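First up is the structure itself, then whatever we jot down about it.
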Amino acid sequence: MSRIRGALIGCGFFARNQLHAWEGIEGVEIVAICDRDETRLSEAGEAFGIARRYTDAERMFEEGGFDFVDIATTVPSHRPLVEMAARAGGGAGVHVICQKPFAENMEDARAMVAAIDATGKTLMVHENFRWQSAVRAAIETLRGGAIGTPFFGRVSFRSGYDVFSGQPYLAEGARFIIEDLGIHILDISRALFGDVARISATTTRINPAIRGEDVATMLLAHESGVTSVVDCSYATRRTPETFPETLLEIDGTGGTLRLDAGYRLTIQARGGEERRDVAPPVLPWAERPWHNIQESVALIQQHFITCLREGRAPETSGADNLRTLALVEAAYLSAAEGRTVALAEL
Ligand code: NAD
Ligand code: 89Y
């Protein structure tokens, strides 16, 4: 597979980052784009010089000519679009990257994984937070054994940043922060400490102008024996405003690791202390404070292409992401019923 051709569906708020990132990946070309909204479609087509434009995804798949599809729409369209990708080319299918949240429920998610599995193609969920370079530095430090075996972790995202102006749909859903943002930091907790046996969660809504919960506090019992606290809020007004940083605090048998505001990583072990500046670069098309997320988009898309070329499963494959999505479902169930939920229930 020398030159890899892609198509992108959904030319909205976030897709621009994905289109910029594709431009920076060697040997990849986005040959077609699709959006039901003609204005968004033509704006993206003009900005990125893409001539093949569709308002109907089914037609784009019929005409084909691409190896993978990048699904950058919001969640209600994910299942039909993934299934279209599986039917493409008379059932040969195309490789898929699909934005988070992958699906609206576990049944849909499992059906989507099965549909692509049946074609033998690759399915990756665009679960990019574990690819943020500061988070990645922490993951690699931990996996390298620098603080011994972890027994406690805190994965925290607290902000008062207005995400609703760019993404108005976030104010409208019955679910908000766990499904939209908590999903990322639950995934980080999995990347750090492994799969989860039980979870308990509380949620609340502080902002009266939105429908769903904007604060969630979750307690995870990992299969490895680690306990982690995963907490998120979009109702936290403090200085410095840390959007969109995830802060970490990990205790291990041999020391501690902290990722503090301002992308400062501190490792204390064996009587010593190491401090590292792990701030992400601001890519030429990126802007603060989103540069952290934007770099992770470039890194995860590069990972997808590397996996295609090497014929291996991406770290956040569809199958892997079922376990992150199950945590989201279990957290909502726990908050609704006021009890600890075993992941085996899902
Ligand atoms: P958006 O509403 O701005 O854009 C979605 C676009 O998809 C719209 O232009 C809409 O017309 C189009 N669309 C929807 N269904 C379609 C269909 N069936 N066929 C063709 N076009 C269709 O949404 P957004 O803010 O760009 O978010 C898109 C996704 O990206 C969401 O799932 C969101 O959670 C995710 N997101 C991820 C990150 C991240 O860091 N990974 C950050 C922001 C948003
Ligand atoms: O949609 C969300 C995401 O995935 O990252 C941040 C965000 O844009 C707002 O919470």
Side-chain angles (χ1 to χ4, degrees), residues 7-19 21 32-45 53-61 69-85 97-104 124-132 135 157-173 175-188 207 210 212-214 216 232-236 242-246 280 286 289-301 304 316 321 324-325 328:
L8 177 138
I9 308 175
C11 303
F13 170 77
F14 202 69
R16 292 205 150 230
N17 299 316
Q18 294 170 225
L19 287 166
I33 51 173
C34 171
D35 199 299
R36 293 194 293 223
D37 179 321
E38 294 200 22
T39 309
R40 287 183 154 193
L41 181 65
S42 71
E43 277 172 7
R53 300 172 196 173
Y54 299 83
T55 50
D56 176 9
E58 196 90 60
R59 235 193 86 216
M60 185 175 83
F61 281 112
V69 64
D70 186 2
I71 300 172
T73 59
T74 45
V75 68
S77 52
H78 288 178
R79 180 170 178 178
L81 292 174
V82 166
E83 290 179 341
M84 263 181 228
I97 305 182
C98 182
Q99 258 298 349
K100 50 59 65 174
F102 180 47
E104 290 181 297
M124 183 183 85
V125 179
H126 191 124
E127 183 39 81
N128 51 324
F129 271 39
R130 63 162 77 187
W131 285 97
Q132 290 172 7
V135 171
F157 184 107
R158 311 193 76 78
S159 168
Y161 189 85
D162 170 24
V163 287
F164 308 106
S165 53
Q167 298 169 264
Y169 58 89
L170 294 178
E172 293 155 15
R175 291 176 166 191
F176 169 40
I177 201 167
I178 299 178
E179 183 181 81
D180 171 64
L181 189 284
I183 195 168
H184 287 303
I185 60 170
L186 286 166
D187 188 71
I188 290 175
N207 180 350
I210 68 168
E213 84 290 352
D214 53 3
C232 50
S233 162
Y234 269 127
T236 301
T242 51
F243 179 87
E245 290 180 55
T246 301
W290 287 87
H291 63 298
N292 173 34
I293 290 182
Q294 288 163 320
E295 189 214 14
S296 70
V297 168
L299 293 173
I300 195 172
Q301 291 182 187
F304 177 74
T316 57
N321 198 257
T324 294
L325 208 57
V328 169

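Keep in mind that what you see is a predicted model, and the values were worked out from it rather than measured. When a ligand or atom number is given, it counts from 1 through the structure's own listing order.
Tyr161 does not count as a contact of ligand 2, since none of its heavy atoms falls under 4.0 Å from the ligand. Residue Ala72 places a heavy atom less than 4.0 Å from ligand 1. At least one heavy atom of Tyr234 lies less than 4.0 angstrom from ligand 2. Residue contact annotation: Ser296 has no non-hydrogen atom under 4.0 Å from ligand 1. Within the structure, ligand 2 has Phe129 among the residues with a heavy atom less than 4.0 angstrom away.
Atom numbering of ligand 2 starts at 1 in the shown order; those under 4.0 Å from a heavy atom of Lys100 are 1 (O), 2 (C), 3 (C), 4 (O). Close contacts between ligand 1 and Ile9 involve ligand atoms 19 (N), 20 (C) [criterion: under 4.0 Å to a heavy atom]. For ligand 1, the atoms closer than 4.0 angstrom to any heavy atom of Gln167 are 25 (O), 43 (C), 44 (C). Those atoms of ligand 2 that come under 4.0 Å of a heavy atom in Trp290, given as number and element, are 8 (O). Each of the following atoms of ligand 1 lies closer than 4.0 Å to a heavy atom of His184: 39 (C), 40 (O), 41 (N). Near Gly10, the atoms of ligand 1 lying under 4.0 angstrom from a non-hydrogen atom of the residue are 6 (C), 7 (O), 12 (C). Near Ile293, the atoms of ligand 1 lying under 4.0 angstrom from a non-hydrogen atom of the residue are 40 (O). Every atom of ligand 1 is numbered from 1 in the order shown, and the set under 4.0 Å from a heavy atom of Ser77 is 15 (N), 18 (N).
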Candidate pair Tyr54 and Phe61, rule ring pair (Phe, Tyr, Trp, His ring centres under 6.0 Å), full reasoning: CA-CA 10 Å; Tyr54 299 83; Phe61 281 112; 9.5 Å; no

I would like to know whether Arg158 and Thr242 meet side chain to side chain contact (heavy atoms under 4.5 Å, CB included); could you show each step before the answer? CA-CA 7 Å; Arg158 311 193 76 78; Thr242 51; 5.7 Å; no

Report the C-alpha separation of Met124 and Ile300 in whole Å, then their side-chain angles, then the decisive distance to 0.1 Å, and conclude whether the side chain to side chain contact (heavy atoms under 4.5 Å, CB included) test is met. CA-CA 10 Å; Met124 183 183 85; Ile300 195 172; 3.5 Å; yes

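His184 NE2, 3.5 Å is the protein heavy atom nearest to atom 3 (C) of ligand 2. Annotation: atom 26 (O) of ligand 1 to nearest protein heavy atom, Phe14 N, 2.8 Å. For atom 34 (O) of ligand 1, the closest non-hydrogen atom of the protein is Lys100 NZ, 2.9 Å. Annotation: atom 8 (C) of ligand 1 to nearest protein heavy atom, Arg40 NH1, 3.2 Å. What sits closest to atom 25 (O) of ligand 1 on the protein, heavy atoms only, is Tyr169 OH, 2.7 Å. Remark: minimum distance from atom 41 (N) of ligand 1 to any protein heavy atom is reached at Asn128 OD1, 2.8 Å. In this structure, atom 37 (C) of ligand 1 lies nearest to the protein heavy atom Gln99 OE1, 3.2 Å. What sits closest to atom 3 (O) of ligand 1 on the protein, heavy atoms only, is Phe13 N, 2.9 Å. Here the heavy atom of the protein found nearest to atom 7 (C) of ligand 2 is Gln167 OE1, 3.6 Å.
Taking each heavy atom of Gln167 and Trp290 in turn, the nearest pair found is OE1-CH2, 4.1 Å. Met60 approaches Ile9 most closely through the heavy-atom pair CE-CG1, 3.6 Å. Considering every non-hydrogen atom in both Ala44 and Leu19, the closest pair reads CB-CD1, 4.3 Å. Closest approach of Leu299 and Trp131 over heavy atoms only: CD1-O, 3.2 Å.
Side-chain contact check for His126 versus Ile71: every heavy-atom pair is 4.5 Å or farther apart. Within the 4.5 Å cutoff, the side chain of Asp70 has no heavy atoms near those of the Phe304 side chain. Inter-residue side-chain proximity for Glu43 and Arg16 is flagged as met; some heavy-atom pair is nearer than 4.5 Å. Proximity of Ser159 to Pro244: side-chain heavy atoms (C-beta onward) are nowhere separated by under 4.5 Å.
The side chain to side chain contact (heavy atoms under 4.5 Å, CB included) with Cys232 is formed by just one residue from the set Ile185, Asp214, Ile183, Leu186; it is Ile185.
With distances taken over non-hydrogen atoms, the option nearest atom 19 (N) of ligand 1 out of Arg36, Arg16, His78 is Arg36. Of the candidates Thr73, Leu8, Leu81, Leu170, Thr73 brings a heavy atom nearest to atom 31 (C) of ligand 1. For the residues Leu41, Asp35, Val163, Asp37, the heavy atom positioned nearest atom 9 (O) of ligand 1 is part of Asp35. When the options Val163, Asp180, Ile183 are ranked by their closest heavy atom to atom 10 (O) of ligand 2, first place goes to Asp180.
A salt bridge links Lys100 with Asp180: the distance from a Lys NZ or Arg NE/NH1/NH2 to an Asp or Glu carboxylate oxygen falls below 4.0 Å.
Neither the backbone nor the side chain of Phe13 comes within 4.0 Å of ligand 2, counting heavy atoms alone.
Glu179 places no side-chain N or O within donor-acceptor distance of the main-chain N or O of Pro101, the cut-off being under 3.5 Å. Between the Thr316 side chain and the Val125 main chain, a donor and an acceptor come within less than 3.5 Å of each other. Formation of a donor-acceptor pair under 3.5 Å by the His78 side chain with backbone atoms of Ala103 is not found in this model.
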